[in-house]
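The block underneath contains the structure these notes are about, expressed in structure tokens.
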Amino acid sequence: MSRSIIPAAWLSLLVASPALAQRTAEDTEDEALLAAATPAAAELAPTAEEPAPVEEAPVEEDEVLYDEEVEFCGGGEESVVDLASYELEDAPAVARRMLVRALRRGAVDEWQRPWALSTLAEAQLRLGRPRRAILNYREALRLAPSDLGSHARVGLATAYYLAGARDRAHAEAAGVVDEVCASRWSQVPCYGARRIVALTARGEASHQAAEAAARVRASHPRWADGFDVIDARLGVPAPRSAGRV
């Protein structure tokens with residue numbers, strides 16, 4: 001298995017869910033909790049000795065799994081992370097269940113754990129569970145910041161935005177947009193980062209980010225389906241006009 005599996009998942013992206021288009025009482029509660037957190041608490045993911053303070057609602061099957069101490073079995077012939085990534089587009093609930101079970105049973109090699117957590121976070125986003133996705137994205141990035149890099153950071157920015165934490169979404173997206181947009185193979189997450197910056201910035205900065213996103217879309221028509229899915233996921237219409245880069 002190649003260690004560069006996560007960027008491929010971005011090309012299929014996420015199917016929009018009606019649950020993501022509406023703010024719920026849980027999302028409002030999470031926004032308040034995130035806003036009240038100290039900078040240190042926001043950056044440091046909880047450990048097994050310090051349970052996550054933001055997860056107050058009941059969690060099915062202990063979906064926030066990085067604080068579990070597990071034994072790694074050394075792997076088999078197939079990677080559950082690969083298999084789960086294949087299910088993300090059409091069956092995110094299946095992908096989530098596969099990863100939850102594998103992580104709890106220790107059936108993930110230690111080096112694969114960041115990718116398992118990041119893929120689990122993507123599945124949670126597709127299922128309308130951004131609060132849980134935030135925690136798993138943060139821990140995945142803590143474990144392998146260089147390997148997961150910009151793609152996972154765009155996922156984290158999206159989770160913050162869908163959870164109602166707009167300032168954190170802006171900071172994450174603005175901090176990674178140049179890096180992710182520098183790669184010709186990352187134009188779909190690039191578009192997502194620019195859209196989040198446009199949605200969370202103010203005044204001229206918002207307008208400039210929206211124009212930049214429109215130029216990305218116009219320059220890469222073959223990825224229009226991916227751009228459309230991002231717009232639907234964020235609950236915004238496609239740009240009305242887009243000049244060529």
Side-chain angles (χ1 to χ4, degrees), residues 1-22 24 26-27 30 45 52 54-55 57-68 70 78-109 112-144 147-163 165 169 172 188-189 192 196 225-226 229-230 232-235:
M1 169 184 166
S2 169
R3 298 195 183 193
S4 59
I5 61 172
I6 293 301
W10 266 96
L11 297 181
S12 61
L13 290 171
L14 309 182
V15 177
S17 167
L20 299 184
Q22 299 178 354
T24 65
E26 184 181 68
D27 291 331
D30 186 51
V54 296
E55 192 61 47
V59 179
E60 298 177 3
E61 290 192 46
D62 293 331
E63 291 179 20
V64 179
L65 294 167
Y66 61 81
D67 57 351
E68 299 286 343
V70 297
E78 295 182 325
S79 164
V80 68
V81 182
D82 276 331
L83 295 175
S85 70
Y86 303 151
E87 300 288 349
L88 275 175
E89 183 173 359
D90 297 323
V94 173
R96 182 199 63 79
R97 187 163 54 249
M98 291 170 63
L99 290 165
V100 166
R101 291 175 177 173
L103 284 162
R104 288 186 60 81
R105 295 172 181 174
V108 177
D109 287 336
Q112 284 186 307
R113 191 168 176 80
W115 282 269
L117 291 167
S118 182
T119 306
L120 174 58
E122 287 193 39
Q124 290 166 330
L125 278 181
R126 295 170 191 244
L127 295 169
R129 298 169 178 173
R131 293 177 62 199
R132 297 166 189 173
I134 287 168
L135 297 175
N136 286 315
Y137 269 131
R138 287 197 314 205
E139 178 64 4
L141 283 163
R142 187 190 70 81
L143 292 173
D147 292 334
L148 291 178
S150 57
H151 293 80
R153 288 186 63 190
V154 176
L156 177 58
T158 304
Y160 277 135
Y161 180 81
L162 295 177
E172 199 67 44
V188 172
I196 292 171
D225 289 346
V229 172
I230 283 186
R233 183 182 178 191
L234 295 174

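A distance of 9.5 Å separates OG of S118 from CG of L156, quoted to the nearest 0.5 Å. Rounding to the nearest 0.5 angstrom, the gap separating the CZ atom in R97 from the CG atom in L120 is 12.5 Å. The structure places OG1 of T158 at 10.0 Å from CD of E172, a figure rounded to the nearest 0.5 Å. One finds the CG atom of L143 at 8.5 Å from the CG atom of L148 (value rounded to the nearest 0.5 Å). Rounding to the nearest 0.5 angstrom, the gap separating the CD atom in E122 from the CZ atom in R96 is 15.0 Å. For the atom pair CG of L83 and CG of L88, the computed distance is 11.5 Å after rounding to the nearest 0.5 Å.
When each of V80, V81, N136, V108 is tested with L103 by the rule side-chain contact (heavy atoms from CB on, under 4.5 Å), just one qualifies, namely V108.
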Let's go through E89 and R126 carefully: what are the C-alpha distance in whole Å and the side-chain angles of both, what is the deciding distance for side-chain contact (heavy atoms from CB on, under 4.5 Å) to 0.1 Å, and is it a yes or a no? CA-CA 9 Å; E89 183 173 359; R126 295 170 191 244; 4.1 Å; yes
Decide side-chain contact (heavy atoms from CB on, under 4.5 Å) for R104 and V100; before the verdict, give the C-alpha distance in whole Å, the side-chain angles of both, and the deciding distance to 0.1 Å. CA-CA 6 Å; R104 288 186 60 81; V100 166; 4.1 Å; yes
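In this view, A91 and E87, V94 satisfy the side chain to side chain contact (heavy atoms under 4.5 Å, CB included) rule, not counting sequence neighbours. Residues meeting the side chain to side chain contact (heavy atoms under 4.5 Å, CB included) test with A133, sequence neighbours left out: A121, Q124, L125, Y137, A159. Remark: A169 engages Y160, Y161, I196, T200 in a side chain to side chain contact (heavy atoms under 4.5 Å, CB included) (not counting sequence neighbours).
When all heavy atoms of A84 and M98 are compared, the pair lying nearest together is N-CE, 3.6 Å. For the residue pair E139 and L117, the shortest heavy atom distance occurs at CG-CD1, 3.9 Å.
Formation of a donor-acceptor pair under 3.5 Å by the T119 side chain with backbone atoms of W115 is found in this model.
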